Amino acid sequence: MKPIDLSLFGAKGAIVEAAEGKWGMAIDQDLCTGCQACVVACAMENNVPFVGEIDAGYGRSMHWIRIERFWEGEYPEIRMTPYRPMLCQQCGNAPCEPVCPAYATVHSQSERINLQVYNRCVGTRYCANNCPYQVRSFNWRDYTDERVNDAIATLKNQYNPDVTVRRRGVMEKCTFCIQRIHRAQDRAKAEGREVQDGEFAPACAQACPADAIVFGRIDDLRSRVSRLIRQKHGVHYLEELGTQPRVTYLVGGAS
Amino acid sequence: MSNTISRRDFLKLAGLGAATSAVLTGCGPAAKYVTRQPYFDMPEYTYHGESTYYATTCRECAAGCGLIVRTFQGRAIKVEGNPAHPVNRGKTCARGQATLQGLYNPDRIPGPIRQGRAGALSRQVMTWDEALDILAKLFQNTPADQMAFLLGPAPDHLYDLVVELAAHLGGPAPIRFGALSLFEGRTTLIQAAQELFGQAALPFFDLASADLVFSFGANFLETWISPVSYTRGLSTMRKGRDGRRGILVQFEARMSQTASVADEWIPIRLGSEGLVIAALARLVAEVQGRPADSFQEVTPDEAATAADIPPEMLYHLADRLATAARPLVLVGGSALAHRNGLQVAKAALALNALLGNVGREGGVFLSPPAPDGAPHSRLASVQEMAAFVQRLASGTVKTLFIHGVNPLFELPASLGLAEALKNVETIVSFATFPDETALQADYIFPDHHGLESFGYQRVMAGAKEAALSGLQPVVSPFHDTRATVDLLLAALAQAGRPLPYSDEFAFIQSKIRPLMTLAGGSFTAPEEHTFMALFQQHGGWWTLNDMRQQPSSPRGRIAVAMAAPEDGEFYLLPFVSPVLGEAGANKPWLQETPDPTTTVMWNTWVEINPKTAKKLGIKNDEVVRLIGPAGAIEVPVYVYPAIRPDTLAVPFGQGHTAYGRFAAGRGANPINLLLPILNEAGDLAFADVKVRLEKTGRKYSLSRLESRIGVYGEGLEEAH
């Protein structure tokens, strides 16, 4: 085993940007049509529950990814900003991590992404409070319990067995579909090879009809995502906070 | 057919790496279904932790996208796009993703039911033998000309069978209908192609290779005709050819999702689309120094006034159109929903011809023909539906069979269908869900869900290739349902009028067989069983080359004028909810998916321009009454910054009185505001309507993803 370079670790063991094995994502806002296919695909893949009209109105909906849009100007000189799919940015220096008293949100050493450990989470919601991207969602009720919601009795048949079903009082968020990363890694290992670029994609990127979401290794300079994020119109949102996001947004389109 | 080869061999698709799987032969009805087992008692062919993938076709709309469904120990757990399929190339839309919530919906009809027009789902469960007896008696005792079939929008194997069945018995041909087609202006487009190019086919707009697209009313990124395919087209256009990014300009009275993605949104007045297109055509002809005889009657200044845009803007737009390398004019949806909608469609196609892009890369084509050479069968227009309702009302229809469509929700109530159904002696529904129409049936004999069904579907649009998309069950039926084709064949046999097919599968096989002899397909096989197996495995059969048809040069004259609705306060623009579509309201995850432009979830709203709202003293979340020519609805207000001040817009998709717990009693249905006013092609002129607005004094907090203002009853005053 390689000796661990302690300079790679940030507060509370979070591994900072210099580490290897980085997964990342590029989202082309010029291609995004706001169609919500990624939103639903993510929910179906990750057993994300629905909360109903009233709770959704109180901001308790559980989406791991949402499409943001803002208005500029007034009619008739009005413009909508390009749709922006917002999901966990898998920060290299994640603000959610140091505030967790239960070590429930930590950086994974092998995938170098930000994890949520459900069975450690005690529901303080400090992490959601500290997340500048507002991408963490909290289980205010037992949305997945059929004693609470009897529709679950049949709907549970579609649950993905690779993904834990969460209960009340637990925080959750985008995992970059870590179950898919693991499946691809396991298969590659069994076949004695490296994971190929584009071999798999998280549910959002796989569904996106506009091909606006691209996923892959950002430490492999030949990967499609690396080539995209090196384009000069790539930005990291709120990077001035020093979060070192793994999601790069391409704005402005081809010129 | 042999029964020795198991279902596993027959259907197994080795995941996305389909190339590794062996060519399999053989099939048999006995092995038709994978059984669903508890996890602790798994079928012999599943392995712990290993998923099985099946290719099939999405049935959420009529576009016919190819799916690959991940199943795990007999359960379908995730829908993914079929990367090889010519329509969607591995991608899906939100509605496609949520199809599993239809399959596992808690409100599915569990088995054959003696419904007795109860209005609520009856508890009188029957056996399938009794159901078969009833159907056989109906076939025996109803004269063929007093039987009617109303089917859903997809041109599928059930439609083919019912066409044969009707011809066999000597009755009238079945009709197909779907609300999406009404909102798309599909009939109008086909009619325009017929009149202009002499060919009744859906125009295919090649967005991918265009560099400047003017789109009038077509919400092609939402629900229009084949949204996944058109989204791919836009994406390709945006990525640019030789580094030059294509530009989309959308002309619409309200900023739809499509318009919000466009580079420019030009809010022209509802009804002026035809004039603007004609003025553009005249100006383009002038720039290019060519005669444009068809359009001489329109002066650009008049058109600009009618559209409520500055005349210079029109001149500038025409200039850009005339000088673009690969310009394209797209038309559909609300632009065609006027009394003169057919002329609008023809004007747009003629403008394309003037731009020289008909049959050219980045231009207008006609959709490929069906691969099996079946004649193009279009959906019923609203005019034909009105005639059909008249037929029902006159009492000349004794037995009505309904499958795959919910006309009591999807047609304007003013057509009088609810009354007309009372004059039909027996109504048999094959509905999967307890929708409004099924609850008015005498019997419900539920069909399988699309993911439990065998079948095929002709792809009518969205692909360059001619395609027959294949369906196969990815799971065994969840409830005690039965394939309608099987049921009809069995009933005919019992009635002593058999068709020459032993069951559904034999029927499908007989229709797939002719493809074997065709050259240039996505696969070939030396004999039938292998061909069928490959058909299921690939998710269909399609040509490899471009089969789009070159339209002939256009002919005929076009006269456009301003469409003028009757008096009223505001123009009304009903639009199909981009997330729910026409039938998504019973899927909780679609309900909770925010509308892209407003972010509203779980309800219906009316969009009002902020200035109009201020003038009327109306605030967000205030419930208002919209009074249309045919009825009234009450909906909460969403103050929408990107809509014309003279226009109100209401999404279609909610307002069910039935259709399961997630849909019933939620929102309102704007279609019931409309009178059956038609355009020349028989499509509903749904955008030729004016409504009055009344306050109710009540408030309803819409749930939305954006700002919480309003939800807690705070901040409204500050916001406006």
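Keep in mind it's a predicted model, so treat the numbers as computed, not measured. Chain identifiers are assigned alphabetically (A, B, ...) following the order of the sequence lines, protein sequences preceding nucleic acid strands; residue numbering begins at 1 within each chain.
You'll find the side chain of A:Q158 stays beyond 4.5 Å of the side chain of B:L103, heavy atoms only. In this structure, B:L705 and A:R66 have side chains that are in contact, with non-hydrogen atoms separated by less than 4.5 Å. Side chains of B:P106 and A:D150 form no contact here, defined as non-hydrogen atoms less than 4.5 Å apart. Residues B:Q591 and A:E53 fail the side-chain proximity criterion, which asks for heavy atoms closer than 4.5 Å. Between A:E45 and B:Q97, the closest side-chain pair of non-hydrogen atoms is not below 4.5 Å. Between A:N160 and B:F72, the closest side-chain pair of non-hydrogen atoms is not below 4.5 Å. Contact check for B:V261 versus A:M80: no side-chain heavy atoms found under the 4.5 Å cut-off. The shortest distance between side-chain heavy atoms of A:Y75 and B:P267 falls below 4.5 Å.
Contacts between B:T598 and chain A at a heavy-atom distance below 4.5 Å involve the backbone alone (N, CA, C, O). Using a 4.5 Å cut-off between heavy atoms, B:M255 contacts chain A through its side chain alone, with no backbone atom that close. Within the 4.5 angstrom heavy-atom criterion, no atom of B:R108 approaches chain A. There is no contact between B:Y230 and chain A, counting heavy-atom distances below 4.5 Å. Neither the backbone nor the side chain of B:D263 comes within contact range of chain A, judged by heavy atoms closer than 4.5 Å. The contact between B:P594 and chain A is made by backbone and side chain atoms together, counting heavy-atom distances below 4.5 Å. Interface residue B:L234: only side-chain heavy atoms are found under 4.5 Å from chain A. Neither the backbone nor the side chain of B:T258 comes within contact range of chain A, judged by heavy atoms closer than 4.5 Å. Using a 4.5 Å cut-off between heavy atoms, A:A201 makes no contact with chain B at all. The contact between B:I643 and chain A is made entirely by backbone atoms, counting heavy-atom distances below 4.5 Å. Using a 4.5 Å cut-off between heavy atoms, B:P578 does not touch chain A at all. At a 4.5 Å heavy-atom cutoff, the contact between A:A207 and chain B is made by backbone and side-chain atoms alike. Using a 4.5 Å cut-off between heavy atoms, B:A642 touches chain A through backbone and side chain atoms alike. Contact of B:R70 with chain A is made through the side chain alone, with heavy-atom distances under 4.5 Å. At a 4.5 Å heavy-atom cutoff, the contact between B:R666 and chain A is made by side-chain atoms alone.
Under a cut-off of 6.0 angstrom, the local environment of CZ in A:R193 is crowded, with over 12 non-hydrogen atoms contributed by other residues, nucleotides or ligands. Counting non-hydrogen atoms of other residues, nucleotides and ligands closer than 6.0 Å to CZ of A:R168 gives a total of 12 or fewer. Annotation for A:E146: atom CD counts as buried by contact number, over 12 foreign heavy atoms lying within 6.0 Å. No more than 12 heavy atoms of other residues, nucleotides or ligands lie within 6.0 Å of OH in A:Y126, so this atom counts as exposed by the packing criterion.
Contact tally against chain A (heavy-atom pairs below 4.5 Å) for B:M237, B:K611, B:R95, B:R644: the top residue is B:R644. Comparing A:A203, A:G52, A:C208 by how many heavy-atom pairs each has under 4.5 Å with chain B, the most go to A:G52. Taking A:P49, A:A212, A:C32 one by one and counting their heavy-atom pairs under 4.5 Å with chain B, the maximum is reached by A:P49. By number of non-hydrogen pairs under 4.5 angstrom with chain B, the leading residue of A:G73, A:P82, A:P76, A:A210 is A:A210. Among the candidates B:T599, B:T231, B:T236, the residue making the largest number of heavy-atom pairs closer than 4.5 Å to chain A is B:T231. Listed options B:A76, B:A94, B:G90, B:C93 were ranked by heavy-atom pairs under 4.5 angstrom with chain A; first place goes to B:A94.
Judged by distance alone, the side chain of A:H63 and the main-chain N or O of B:T593 form no donor-acceptor pair under 3.5 Å. Between the A:E74 side chain and the B:P641 main chain, no donor and acceptor come within less than 3.5 Å of each other.
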* Go through the steps for B:E80 and A:R180 under the test salt bridge (Lys or Arg N to Asp or Glu O under 4.0 Å), then give the verdict. => CA-CA 14 Å; B:E80 293 164 1; A:R180 292 191 174 205; 3.2 Å; yes
* Are B:K239 and A:D211 close enough, and set up right, to give a salt bridge (Lys or Arg N to Asp or Glu O under 4.0 Å), and what steps lead you there? -> CA-CA 10 Å; B:K239 284 176 187 164; A:D211 198 22; 3.0 Å; yes
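Atom CG in A:D30 sits 5.0 Å away from atom CZ in B:R238 (nearest 0.5 Å). The distance from the OG1 atom of B:T597 to the CH2 atom of A:W71 is 6.5 Å, given to the nearest 0.5 Å. Rounding to the nearest 0.5 angstrom, the gap separating the OH atom in B:Y104 from the OG1 atom in A:T154 is 10.0 Å. Separation of atoms OG1 (A:T33) and CZ (B:R232) is listed at 13.5 Å; rounding is to 0.5 Å. Atom CE of B:M601 sits about 10.5 Å away from atom CG of A:D55, to the nearest 0.5 Å. Once rounded to the nearest 0.5 Å, the distance linking CD1 of A:I54 with CH2 of B:W602 reads 10.5 Å.
Considering all non-hydrogen atoms of both residues, B:Q257 and A:G34 come closest at NE2-C, 3.6 Å.
Inspection of non-hydrogen atoms places A:C35, A:Q36, A:A37, A:V39, A:V40, A:A41, A:A43, A:M44 of residues 35-44 of chain A under 4.5 Å from chain B.
Defined by atom type and a distance below 3.5 Å, a donor-acceptor pair is present between the side-chain atoms of A:Y83 and B:S260.
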